[in-house]
Structures are given as C-alpha cells and as structure tokens.
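Here is how names work: the chains are called A, B, and so on, in the same order as the sequence lines, proteins then strands, and each is numbered from 1. Just so it is clear, the structure is predicted and the values come from calculations on it, not from any experiment.
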Amino acid sequence: MEHFDFIEMKLPAKPEYVGVIRLSVSGIANRMGFTYEDIEDLKVAISEAMTNATTHAYEENEGGEVTIGFGVYADRLEVMVADHGGSFNLSDVKKQTGPYQQSESIENLREGGFGLFLIDALMDKVEIKSGYGVIVLMTKNLPTNEVGLDDDQISTTQ
Amino acid sequence: MEHFDFIEMKLPAKPEYVGVIRLSVSGIANRMGFTYEDIEDLKVAISEAMTNATTHAYEENEGGEVTIGFGVYADRLEVMVADHGGSFNLSDVKKQTGPYQQSESIENLREGGFGLFLIDALMDKVEIKSGYGVIVLMTKNLPTNEVGLDDDQISTTQ
Amino acid sequence: MNINLSIDVIEKDNQTELIVTGEIDAFTAPLLKEKLLPATAKESEKIIVNLQDVAYMDSTGLGVFISALKSTKEHGSTLTLVNLQERVHRLFKITSLDSIIAIDTTVRGGE
Amino acid sequence: MNINLSIDVIEKDNQTELIVTGEIDAFTAPLLKEKLLPATAKESEKIIVNLQDVAYMDSTGLGVFISALKSTKEHGSTLTLVNLQERVHRLFKITSLDSIIAIDTTVRGGE
C-alpha cells in the first residue's frame, strides 16, 4: 500500500478557528515542500471548506465540530474536511457553483456563492460527499521536481 | 461548568511534525490574545513535549502517534500532550530535571536533559502522568487585562 | 479573543476611504461589512477600500464586496478597491468579479 | 520534505564560522550537529556560531551545543555563540548554560 502520514484535527465549528487551520495547513504544506503560491491556494481552499462547515453548524444551531484530515503522501496532500450532522442538498450547492457570468444580474449574485468554486479552482481534485454531514475531499499535487534534487535547499518558516 | 472550546490534533510521532504543532499553537494562542512573548513560550513548551513523545515512540520502535489537546478557556490555555504506549520511568525523568548546576561536571551534562525543565519554567502549571504512555498537561494563563478593554486593538498574524 | 483585522476609516467631503489591515475570513468579514456598508448607503459617496495590508482573503471577503456593490447600485454611491496584493487580486480574476467590481490596478501593493 | 534550517560554513585559518538560518528543533538539530561537531574535533580550532537568523530554538538546540562544548574540551578547540536573538539567549539564561557556554553579547541579533 502507498505510504502516507495522517494528521487529524478536530475543532469547534466556529469561524474564529478558521485562522488556526490556515496556519496548520501552512506548516504541513511548507514541510512537504509546496511553493509559496500553492500554500496560499491550500490556505484559501481549506478555509472555504471550514467556513462551509461552520455555516452548516450555525444553521443547524448546534455546537458542532469539524474534523479535518491531512493525508501526507510523497507526491500530494489530501485534505478531508467533514462536518457532522446537518443535512445538505448537494445538487443545490452544485447549481450555485461557478464564476460570475456577464448574463447574471448583480442583484442575483449570492454573497456566499464562491466558496466551492474557489476550492475547485485552486485544488487539483475535489470530491464532495453528502450524507450524515458533508465531506469535502480535496487533493493538491506537489510539483514534480524537474530541476533535480538540491540538498542545500533553503527555506524558512514564518 | 466552566465553558471551554476543545481542539484535538493527532499526528505521527515523528520529529518533522514538531514545526506543524508550533504553527497550530501559535494560531490558537494568537487568537486568544496571548502576547508575543507568551506565544513563544508556548511554542517551546509544546515542542518539548512533542519531542519527548517522538523520542519515546522512536525508542519503542513503533510507528506511534501523538495526541495533542488544547483547552481554550476564557482565562487560560490548557495543553495536553499524550503519547500512546511505551513505558516511562517518571521518577528517573524528574531526577534529570533542573538547570545546570556549577557543581556538575560538563562531561555529565545530558544532551536531552532540559526539555521538561523548560516546560516547567515556561508554563504556569505542569502535570506529568505516566501509565500507558505519558501525558503532559500544561497550563498558560492569559495576562489579566488591567489596562481595560480596547476595542480597536490591532493585531496581525504572521 | 483577538481579531486579526483592523480598519481605519478616513472621511472627507463625499469620500470615504477604508484602510484595511490583516486577514479577511469568515471570522473577520462581519467587521469589514459593518464598517463598509454604512458608507455605501450615502448618496453619491465615493468609497475607496485600500487593501494594501491585506495578505489573506477568501470568498467571505468577496461576499462583503458583492453586498457593498449592490448597496452602491441602490444608493447611487461608488466603490473602488485599490492596492490589492497579487494573491487577493487573483481571487477577483478567477471568479470574474473583476468585471463588475472596480479595481484600480495602477498602484498595486505587495509587489 | 523541506527542512527549515540552512547552515553556511565559512572556514579560515584555524577558524570555522557557522551561519545558521531557520529553526532549531528535534527535526533540524541533527543537521546542525552534523555540521558543527566535525569542526570542534580540530585541535585549537576557533568555532563561531552565528545565530542571528535563528528565530526559534528549543532544548534540542541546547543539546547540540552541549555536545559541541564537550567535544571542544576533548580536542582543545573553542566554541563561541554570537548574535543570539533575545528569545534564543533567554533559553541559555533560564537553564544557566550561559555560565559554561561562551556567548558573545556585544552584538546581538533581532533587537
């Protein structure tokens, strides 16, 4: 079986913890060797998924929690964001997903309509599963190293 | 009961993930309003506990994992670091804990002897429990706000 | 609790400038909305949002600017975003929202 | 895998300077040890470790410097740490290791 490391986080489904998740994913992705640009993409995508999860929790009026799993592979990072409980109409969400179209009137633009679209645009692969809660499973590939391995690679964290 | 938020992380007991934990605790502590100095203390203390846990896992030759729990209270942060499995002689560890004494010969200084001492020096309260694995439970209090509440407090993350 | 966003509001004749510092996400976006929306409700007000010191933004920020744009259309005010960092500007381009929200790219922060 | 530590080694007559950049923790300390220990094994070598760009260090870093100090005593070399940031210096003070490890405080980084 393909080897990977697994990291799991459970947090209250509250918006104040979205920033915590961003720092965590930033640490994991930096350690894996992702570029600055890719790390920024990951931060946005995971924040969007966590924001969706906290919104569901809020709508359901529950003090729920969000589970985030990171699968660290040699060539990619898989991130799973799951909220527990609360139902979710997947086809409704998919209908709302897309960039702004010139034909749409500004009045009809949805304030919260771009989250899933951004996840899809910024990650290499995205799957959404709905059942008891919602699971967003997204993958970002590490760039294949075509310049050859450089032992003395310099990198600094924030 | 006193209200608190709970955040849990599970990571492979490997040194390459110590930096990830530092970023996560930094995010949580920053959100709670800890000072820069206190956040640096927390980063060291939690890294020390995680390093201990990864060392035990290594000695036991297991692909173990470390569980870290953060209890976010109004006036303090409680951090629990637990490794699973591997026995641990608590009294041996406590004997080794202390600053360097002029009477000690340099030859007898232990390379890894300052981890628990630093945790104790940098945190407000520390408990170590040994049984099936080791649990380090440490508390850092938020400074009591004597200057009064300032709504327009400016803060930036890294 | 600390909030990683601060907003300075500078009001002149018929002009409101918001200087935004920090991160715009689900936690902080309500604060931005609270400071921005009242300005857009003033007839013929010119609103400038300076995003030079915003290093992070996601769709919650886009949502606030969509609300603000709607409000300007209702009340006859105008909204312009200035000094966007490349990463932040990119989100407006990906979503095509740069076709309806005025973004002044003559000066851009973070480059 | 990325390692957040880089070490430049500058060798002159009887003097080795290590310029350390990044974070010293359980993951990166072995790299520091690997670069530092061989220098301490040279008789009458003067070793300077410049920590100006080390923003984070914990007891694993203290452990490396203890090993290096032991090695200097065995081999007749010397070890001096320079340009410590206040936070890093603090760890040597808390543990009283500043009484046995030479730290040049005339120039200090990060202040």
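To the nearest 0.5 Å, the span separating CD on E8(A) from CD on E65(B) amounts to 8.0 Å.
Considering only residues two or more places apart in sequence or on other chains, F4(B) meets the ring pair (Phe, Tyr, Trp, His ring centres under 6.0 Å) condition with Y73(B).
Between I7(A) and P12(B), some side-chain heavy-atom pair lies under the 4.5 Å cut-off.
Comparing L11(A), V72(A), D5(A) by how many heavy-atom pairs each has under 4.5 Å with chain B, the most go to D5(A).
The two residues K14(B) and H3(A) make their nearest non-hydrogen contact at NZ-NE2, 3.9 Å.
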